[in-house]
Amino acid sequence: MDFTKEIATLIYAAANDTALSIESIVEMIEIPPNPEMGDYAFPCFKFAKAFRKAPPIIAKELCETINHGEFVSDIVANGGYINFFMDKACFAREVLQEIAQKGASYGKSTVGCGQNVLIDYSSPNIAKPFHVGHLRSTMIGNALYNIFNFIGYTSVGINHLGDWGTQFGKMIVAYKKWGDKETVEQEGVKELNRLYVKYHDAAKEQPSMDDEARSWFVKMQTGDDEALQLWKWFTDVSMIEFNKMYERLGVTFDSFAGESFYNDKMEAVVAELKEKHLLVESDGAMIVDLEKYNMPPCLILRRDGGTLYPTRDIAAAFYRKNTYDFSKCLYITALDQNLHFAQWFKVIGEMGYEWEKDLVHIPFGLVSLDTGKLSTREGNVVLMDDLLNEAVAKAANIIDEKNPSLENKQQVAEKVGIGAIVFNDLYNSRIKDVLFSMDKMINFEGETGPYVQYTHARASSVLGKASKVEGSTAQAIDYQLLTDESSVGVFKLLAQFNEKVVDAAYKYEPYIVTRYVVDLAQAFNRFYNENNILNCGDENLKQARLAVVDAVKTVLASGLTLLGIAAPDKM
RNA sequence: GUACCUGUAGCUCAGCAGGAUAGAGCAACGGCCUUCUAAGCCGUGGGUCGGGGGUUCGAAUCCCUUCAGGUACGCCA
């Protein structure tokens with residue numbers, strides 16, 4: 001039930017104004033800052049000019065002509081606003097019945113039906129460790145993937161792996177000089193990264209190594225067996241570890257087509273650019289001029305003819321458009337790549353493709369450590385494994401202290417510890433810079449992942465105890481018993497779920513779901529503290545309140561799932 | 001130099017396709033467990049929304065300007 005639309009329809013019928021539509025009224029409807037003022041409000045200020053009347057007079061006159069309909073108990077003019085009071089029992093019934101009936105599907109919609117949304121996220125570099133710098137792209141992308149699916153789109157998750165380039169030439173040189181098979185197999189990425197760092201130190205003294213590295217990369221490009229075998233092996237070793245991390249984080253992809261995949265697809269892009277007379281020579285390199293957009297030129301080919309980052313992204317965009325016919329293609333990367341995306345998006349436009357408008361860069365703020373910028377090469381990183389392990393260890397300690405008899409302690413600690421980190425990552429607008437803080441990330445109190453999980457576990461616990469005692473007695477619920485302020489507060493939030501998810505998708509902002517889930521948890525905890533459920537002494541009241549608990553549990557679980565966070569029943 | 005991002009309570013941030021007294025968490029202080037998980041709940045204090053102009057019946061929200069912090073600007077990705 002969409003109450004906003006219900007009210008808009010009532011207003012529309014009363015207003016009798018051809019300039020208005022139900023949709024435009026829906027957009028004008030607000031929720032008053034204070035529930036005592038009403039449940040929904042319609043501001044009349046905008047009509048002052050057209051009607052040549054003061055807003056309070058318009059509100060008063062219109063107010064008297066609006067039909068109450070099925071769900072509205074009272075309509076009051078207040079200043080320039082018309083305030084609507086819902087019939088609380090009806091409201092409770094509509095919300096609870098819909099959630100009980102739809103379960104985990106509650107809040108879903110079909111607004112994106114038949115449309116593919118591609119999401120390019122995570123995209124780590126092979127042979128480099130997975131560290132906190134990769135967390136944001138991975139989790140924002142994952143959450144958007146879930147959110148778009150939830151409102152009817154078909155999400156396609158793409159991990160555009162950094163699996164090609166001169167750095168592999170360097171890796172081969174380093175491996176042949178200092179590496180051995182056993183250590184790499186045992187230590188994995190850690191050893192590969194050690195070799196890579198060692199290479200850079202050595203190359204400072206001995207620049208001839210760079211020539212060697214370049215020639216190995218040329219061998220890779222020309223299909224040399226030894227070079228390709230080593231490259232493939234480095235990739236496999238890295239992927240084993242990345243996949244473990246993705247499994248731990250609960251993140252999946254539909255495609256791992258990375259840089260190497262587009263190797264043979266760039267030539268066609270260069271040819272098309274030439275054919276369309278967009279390619280211009282400049283200082284020996286080939287560029288697309290973007291002067292008219294007030295942007296620096298986009299580099300397509302190096303002086304030596306080699307391709308560049310934009311060349312590959314353009315080739316990938318064509319491949320994706322042809323393969324998936326996306327209605328949107330999202331790139332989840334840090335804000336510092338803003339110009340890069342703006343430039344090559346324009347190149348697509350210059351080539352005459354209208355789907356330039358469907359390419360969207362979704363930037364997020366920079367992550368830094370208190371010791372400065374993140375840098376794998378300089379060793380200024382916090383590894384994801386270390387971060388997750390620390391969070392899980394803390395969760396395990398708290399469980400030992402608060403709930404020592406809990407079964408499956410370790411599994412629950414894993415869910416709670418990782419949940420805390422993911423939640424923290426999705427708590428603010430993407431664009432905010434982040435100064436990494438271990439203490440903050442593994443905080444379990446206040447507006448945190450564990451807080452919401454805990455609320456969910458509480459709800460589960462009450463439901464479990466209720467069904468143990470008497471099983472499900474499917475009796476009719478008396479919704480008149482659920483008209484107290486804390487219950488209504490819960491229903492209002494439950495009714496907003498779909499709207500919030502759509503807003504999150506529209507703005508590409510998972511935090512809207514994160515904050516929603518916190519608000520719902522807060523409203524429920526208030527309800528829980530004010531109303532005794534199992535021992536309230538009245539069977540009808542108990543059944544009614546259990547229905548609230550059940551609905552909240554369902555929606556909290558849905559919300560957490562959208563964010564990529566587990567919702568344990570006990571903790 | 002040019003462009004982009006950010007600036008709201010001591011800290012971290014919501015609120016910004018304009019609307020009713022600017023909200024939350026943390027931190028501080030004070031209450032609440034013989035009853036459903038206290039990872040919780042309730043309460044108190046704390047803000048010239050970076051500064052200055054403008055548009056408007058109305059501006060944290062839109063426009064201009066200015067200051068501060070961050071980032072990017074050709075052969076890495």
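Numbered from 1 within each chain, the chains take letters A, B, ... in sequence-line order.
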- A:Y511 has a side chain; which of B:C73, B:G15, B:C36 sits nearest to it? B:G15
Atom pairs, N/O to N/O, protein against nucleotides 8-13 of chain B, distance under 3.5 Å?
unit_1, atom_1, unit_2, atom_2, d
B:C13, O3', A:N428, OD1, 3.4
B:C13, O2', A:N428, OD1, 2.8
B:C13, O2', A:R515, NH2, 2.4

- Item | Base partner of B:U48, which must satisfy Watson-Crick or wobble distances under 3.5 Å | none
- Task: Indicate, with a heavy-atom threshold strictly under 4.0 Å, whether A:N397 touches base, sugar-phosphate, or nothing.
- Result: nothing
- Find the distance A:F527:CZ to B:C36:P and express it as a whole number of Å. 16 Å
- Query: Above 12 or not: heavy atoms from other molecules or residues under 6.0 Å from CD of A:Q411?
  - Reply: yes
- Message: Using the C1' atom as the point on both nucleotides, what is the distance between B:C26 and B:G45, in whole Å?
- Response: 15 Å
- Query: Do NZ/NE/NH1/NH2 and the carboxylate oxygens of A:E485 and A:R526 come within less than 4.0 Å?
  - Reply: yes
- Atom CZ of A:R52 and atom C1' of B:C57: how far apart are they, to the nearest Å? 15 Å
- Would you say the ring centroid of A:F217 lies under 6.0 angstrom from that of A:F168? no
- Message: Side chain of A:E259 only, heavy atoms from C-beta on: which candidate in B:A20, B:G40, B:A77 is closest?
- Response: B:A77
- Message: Base, sugar-phosphate or nothing for A:N83? Non-hydrogen atoms, less than 4.0 Å.
- Response: base
- Query: Are the aromatic rings of A:F84 and A:F42 close, with centres under 6.0 Å apart?
  - Reply: no
- Message: Quiz question: by atom type and distance under 3.5 Å, do the side chains of A:T448 and A:N443 form a donor-acceptor pair?
- Response: no
- Select base, sugar-phosphate, or nothing to describe what A:V549 touches, counting heavy atoms under 4.0 Å on all strands. nothing
- Spacing of A:D336 atom CG relative to B:U71 atom C1', expressed in whole Å: 7 Å
- Message: What's the closest nucleotide to the side chain of A:L366 if the choices are B:G74, B:U71, B:A77?
- Response: B:U71
- Task: Ignoring hydrogens and angles, answer whether the base of B:G74 and the side-chain atoms of A:S282 contain a donor-acceptor pair closer than 3.5 Å.
- Result: yes
- Query: Closest to the A:L339 side chain: B:G74, B:C73, B:A20?
  - Reply: B:C73
- Message: Please confirm whether the shortest side-chain N or O distance from A:N525 to OP1 or OP2 of B:C41 is below 4.0 Å.
- Response: yes
- For B:U71 versus B:G40, give the span between their P atoms, rounded off to a whole number of Å. 36 Å
- Message: I want to check a possible cation-pi pair here: A:K394 against A:F444, using under 6.0 Å from ring centre and within 45° of the ring axis as the test.
- Response: yes
- Message: With side-chain hydrogen bond (donor to acceptor under 3.5 Å, both in side chains) as the criterion, how do A:D503 and A:Y516 come out once you've worked through the C-alpha distance, each side chain's angles and the decisive distance to 0.1 Å?
- Response: CA-CA 11 Å; A:D503 194 34; A:Y516 168 77; over 6 Å; no
- Base, sugar-phosphate, or nothing: which does A:K373 touch, judged by heavy atoms less than 4.0 Å apart? sugar-phosphate
- Item | Given RNA chain B, 5'-ward residue of the pair A:E281 and A:K507, judged by closest heavy atom | A:K507
- note: A:L299, atom CG; B:C73, atom C1'; distance rounded to Å ~ 12 Å
- Item | Option passing side chain to side chain contact (heavy atoms under 4.5 Å, CB included) with A:I300 (candidates A:L273, A:L308, A:T307) | A:L273
- Item | Rounded distance in Å - NZ (A:K128) to P (B:A77) | 11 Å
- Message: By the 4.0 Å heavy-atom rule, please label A:N443 as base, sugar-phosphate, or nothing.
- Response: nothing
- Query: What does A:Y451 touch in the nucleic acid at a heavy-atom separation under 4.0 angstrom: a base, only the sugar-phosphate, or nothing?
  - Reply: sugar-phosphate
- Query: Within 45° of the six-membered ring axis of A:F130 and under 6.0 Å from that ring's centre, is NZ or CZ of A:K128 located there?
  - Reply: no
- Could you please name the partner base of B:G40, counting Watson-Crick and G-U wobble pairs only when both distances are under 3.5 Å? B:C32
- Query: Is the distance between the ring centroids of A:Y121 and A:H134 less than 6.0 Å?
  - Reply: no
- Given the 90°-from-0 boundary between syn and anti, B:C33 should be labelled syn
- Item | Touch class at under 4.0 angstrom, heavy-atom based, for A:I533 against every strand present | base
- Query: Is A:D569 touching bases, backbone alone, or none of the nucleic acid, heavy atoms closer than 4.0 Å?
  - Reply: base
- Spacing of A:F341 atom CZ relative to B:C73 atom C1', expressed in whole Å: 16 Å
- Check every atom of B:U21, B:A77, B:G74 against the side chain of A:N34 and return the nucleotide holding the closest atom. B:U21
- Knowing that exactly one of A:Y262, A:Y309, A:Y319 qualifies, which makes a ring-ring contact (aromatic ring centres under 6.0 Å, His included) with A:H160? A:Y262
- Query: Heavy atoms under 4.0 Å, any strand shown: does A:P43 hit a base, just sugar-phosphate, or nothing?
  - Reply: nothing
- Which is true for A:R303 with a 4.0 Å heavy-atom rule: it touches a base, it touches only sugar-phosphate, or it touches nothing? base
- Message: Taking the ring centre of each residue, are A:Y451 and A:F423 less than 6.0 Å apart?
- Response: no
What protein N or O atoms touch nucleotides 3-5 of chain B N or O atoms at under 3.5 angstrom, if any, and at what distances?
unit_1, atom_1, unit_2, atom_2, d
B:C4, O2', A:N338, ND2, 3.0

- Query: Heavy atoms under 4.0 Å, any strand shown: does A:D519 hit a base, just sugar-phosphate, or nothing?
  - Reply: nothing
- With a 4.0 Å cut-off on heavy atoms, is A:M286 in touch with a base, just the backbone sugar-phosphate, or nothing at all? nothing
- Message: Please pick, from B:U35, B:G74, B:C41, the nucleotide with the shortest atom-to-atom distance to any side-chain atom of A:A285.
- Response: B:G74
- Of all the nucleotides listed (B:U35, B:G25, B:A77), which has the minimum atom distance to the side chain of A:N535? B:U35
- Spacing of A:Y262 atom OH relative to B:A77 atom C1', expressed in whole Å: 15 Å
- Query: Which nucleotide sits closest to the side chain of A:R458: B:A17, B:G25, B:A38?
  - Reply: B:A38
- Query: Looking for any heavy atom pair under 4.0 Å, which part of the strands does A:A342 touch: base, sugar-phosphate only, or nothing?
  - Reply: nothing
- Message: Counting the atoms with a prime plus P, OP1 and OP2 as sugar-phosphate, which does A:M37 contact under 4.0 Å by heavy atoms, base, sugar-phosphate, or nothing?
- Response: base
